[in-house]
Amino acid sequence: MRRDPWFDNAKMGLVTLVVLGHAWVLLPSTTFVGHGYDFLYAWHVPAFVFVTGYLSRSFTYERRRMWQLVRTVAVPYVVFEAAIAAFRILVGNEQLEDLWRDPHWPMWYLAALFFWRLLTPVFTPLWGGVAIAVAVAASLVAGLYAGDTLDVARVLGLLPFFVMGLKATPENLERLRARWVQVCAVGVFVAIWLVTARLDDWAATEWLYYRARYDELDVSDTQAFLTRAGLLVIGTLGAWAFLALVPRVGGWFTRMGAATLVVYLFHGFFVKGADYAGFPAWAEGHYGLSILLTTVAALGLSLLLAWQPVASRLQHLVDPVGYAERRVDHAHELRDAALETDVLAEAVQDAAEAAAVSTAGSTAGSTAGPASRG
């Protein structure tokens, strides 16, 4: 199936923003940095979930699809949850608990993706409006009860964006190509920038993670419902605005879109490494330079990890089961090729021997003929 450059561009752009957002945590806590962070998180994770939903539309409960889900999502979750935890404990001397039960840092997305994919066949048959309404209701209610186990709070909190992507069609998304929509998209981002400038007046950064229960945020249920509903609207408009502005043409950046999981799973080691190396302390004394350096380094890291010579090697670690299966298949192909070669060699040898016998017989016959006539 031919890849769509639009979505590869979107995926690569969004995973780059993930790296950027995580890297900005290393910067001094100032109004400007905080505002930029809130602006980014108000829409880029919803956009990522929306794209994930759209690309999950073909998922079913058939055996091949289920095995693919385990191999490409569950296994990397188990492997990298352990790997990054070991790095944080052994190198950073951090104290971590509840490994695998409570996903740590970026690993929450794999846990959420696993459950979103399992929910796909449930929402697929529903009419679009009903499916989205159910997802929104689940998101609003989740804030009352959902907890940390496998980040079910985020699974349900961000579910509306996944379902909207799931129910989107190429025809619907084609409308985002209109010039007037792109102009409006710029206006949407300006509006989100202005709204997030006063985020602390009506919410807080923690709301943007969709993980905390309402009672932990010290608000009434009514205020909580309104706040989350407002964030769902902002996230939806931001996701659409982003997609409207993403280029539709292919190129070197587009090709990197196939390596977004590599970027996502490996960038945390570099960000944490910079933290352990003392970069935040250095940034305190070099405010302007640290913002520039962190931003450029985050962008460069994303491109480096997605660069084909690097990504192709790291992919073996991201999908170890798939790599093993490919090696086994390759070994079987070599074995079959060797057997075919042996059979062919035997056939050639038999043919050569038969030809030799035939030639010898013809030669003997032609030699005996004149002698008998004499």
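Heavy-atom contacts from other residues, nucleotides or ligands closer than 6.0 Å to CH2 of W307 number 12 or fewer. For W207, the CH2 atom is densely surrounded, since the number of other residues' heavy atoms within 6.0 Å is greater than 12. No more than 12 heavy-atom neighbours from other residues, nucleotides or ligands sit within 6.0 angstrom of CG on D218. More than 12 heavy atoms of other residues, nucleotides or ligands sit less than 6.0 Å from atom CD of E216.
Two different hydrophobic clusters hold L303 and L292 under the rule that ILVMFWY side chains link at heavy-atom gaps under 4.5 Å. Under a hydrophobic clustering in which Ile, Leu, Val, Met, Phe, Trp and Tyr are joined whenever their side-chain heavy atoms come within less than 4.5 Å, directly or via other members, F114 and F80 fall into the same cluster.
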What do the steps show when you test V45 against Y209 for side chain to side chain contact (heavy atoms under 4.5 Å, CB included), and what is the final call? CA-CA 9 Å; V45 172; Y209 302 141; over 6 Å; no

Assess the residue pair T295 and L20 against the criterion (side chain to side chain contact (heavy atoms under 4.5 Å, CB included)); give the C-alpha distance rounded to whole Å, side-chain angles, the decisive distance to 0.1 Å, and a yes or no. CA-CA 6 Å; T295 301; L20 184 62; 3.8 Å; yes

Go through the steps to decide whether R228 and Y210 satisfy the test side chain to side chain contact (heavy atoms under 4.5 Å, CB included), and finish with yes or no. CA-CA 8 Å; R228 174 156 290 187; Y210 292 84; 3.9 Å; yes

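Remark: side-chain polar atoms of R248 are paired, donor with acceptor, to backbone N or O of V246 under 3.5 angstrom. A distance-only check finds no donor-acceptor pair linking the side chain of E284 to the backbone of P28 [under 3.5 Å]. A donor-acceptor pair is defined here as one N or O able to donate and one able to accept, closer than 3.5 Å; such a pair exists between the side chain of R57 and the backbone of Y54. Not one N or O on the side chain of N172 forms a donor-acceptor pair closer than 3.5 Å with the backbone of A168. With N9 contributing its side chain and P247 its backbone, the two residues share a donor-acceptor pair below 3.5 Å. Listed for the Y264 side chain is a donor-acceptor partner under 3.5 Å among the backbone atoms of P106. In terms of modelled atom types and a separation under 3.5 Å, the side chain of H22 and the main chain of A298 share no donor-acceptor contact. With D151 contributing its side chain and A111 its backbone, the two residues share no donor-acceptor pair below 3.5 Å. E94 contributes no side-chain N or O that, together with a main-chain N or O of I89, makes up a donor-acceptor pair within less than 3.5 Å.
Across all their heavy atoms, A82 and W100 have their closest contact at CB-CZ2, 3.5 Å.
A donor-acceptor contact under 3.5 angstrom links the side chains of R65 and S58, judged on distance only. Side-chain atoms of T52 and Y109 include a donor-acceptor pair closer than 3.5 Å. No side-chain donor from either of W6 and T254 sits under 3.5 Å from a side-chain acceptor of the other. When only modelled atom types and interatomic distance are considered, Y287 and T30 share a side-chain donor-acceptor pair under 3.5 Å.
Looking at heavy atoms from C-beta onward, D8 lies out of side-chain contact with D4 at the 4.5 angstrom threshold. In this structure, M107 and L265 have side chains that are in contact, with non-hydrogen atoms separated by less than 4.5 Å. Side-chain contact between L96 and R88 is present, with heavy atoms from C-beta onward closer than 4.5 Å.
Aromatic pair F266/F270: centroids not less than 6.0 angstrom apart.
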What donor-acceptor contacts under 3.5 angstrom involve side-chain atoms of residues 118-133, with partners at least two apart or in another chain?
from	atom 1	to	atom 2	distance (Å)
T120	OG1	W116	O	3.1
T120	OG1	R117	O	3.3
T124	OG1	T120	O	2.7

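Screening F50, W193, F242, F161 for a ring pair (Phe, Tyr, Trp, His ring centres under 6.0 Å) with W43, the sole residue that qualifies is F242. The residue from D200, T196, D201 that alone fulfils the side-chain hydrogen bond (donor to acceptor under 3.5 Å, both in side chains) condition with R198 is D201.
Taking 4.0 Å as the cut-off between side-chain N and carboxylate O, R71 and D319 count as a salt-bridged pair.
Ring-plane geometry between H44 and Y41 is classed as perpendicular, the angle between the planes exceeding 60 degrees on a 0 to 90 degree scale with a lower cut at 30.
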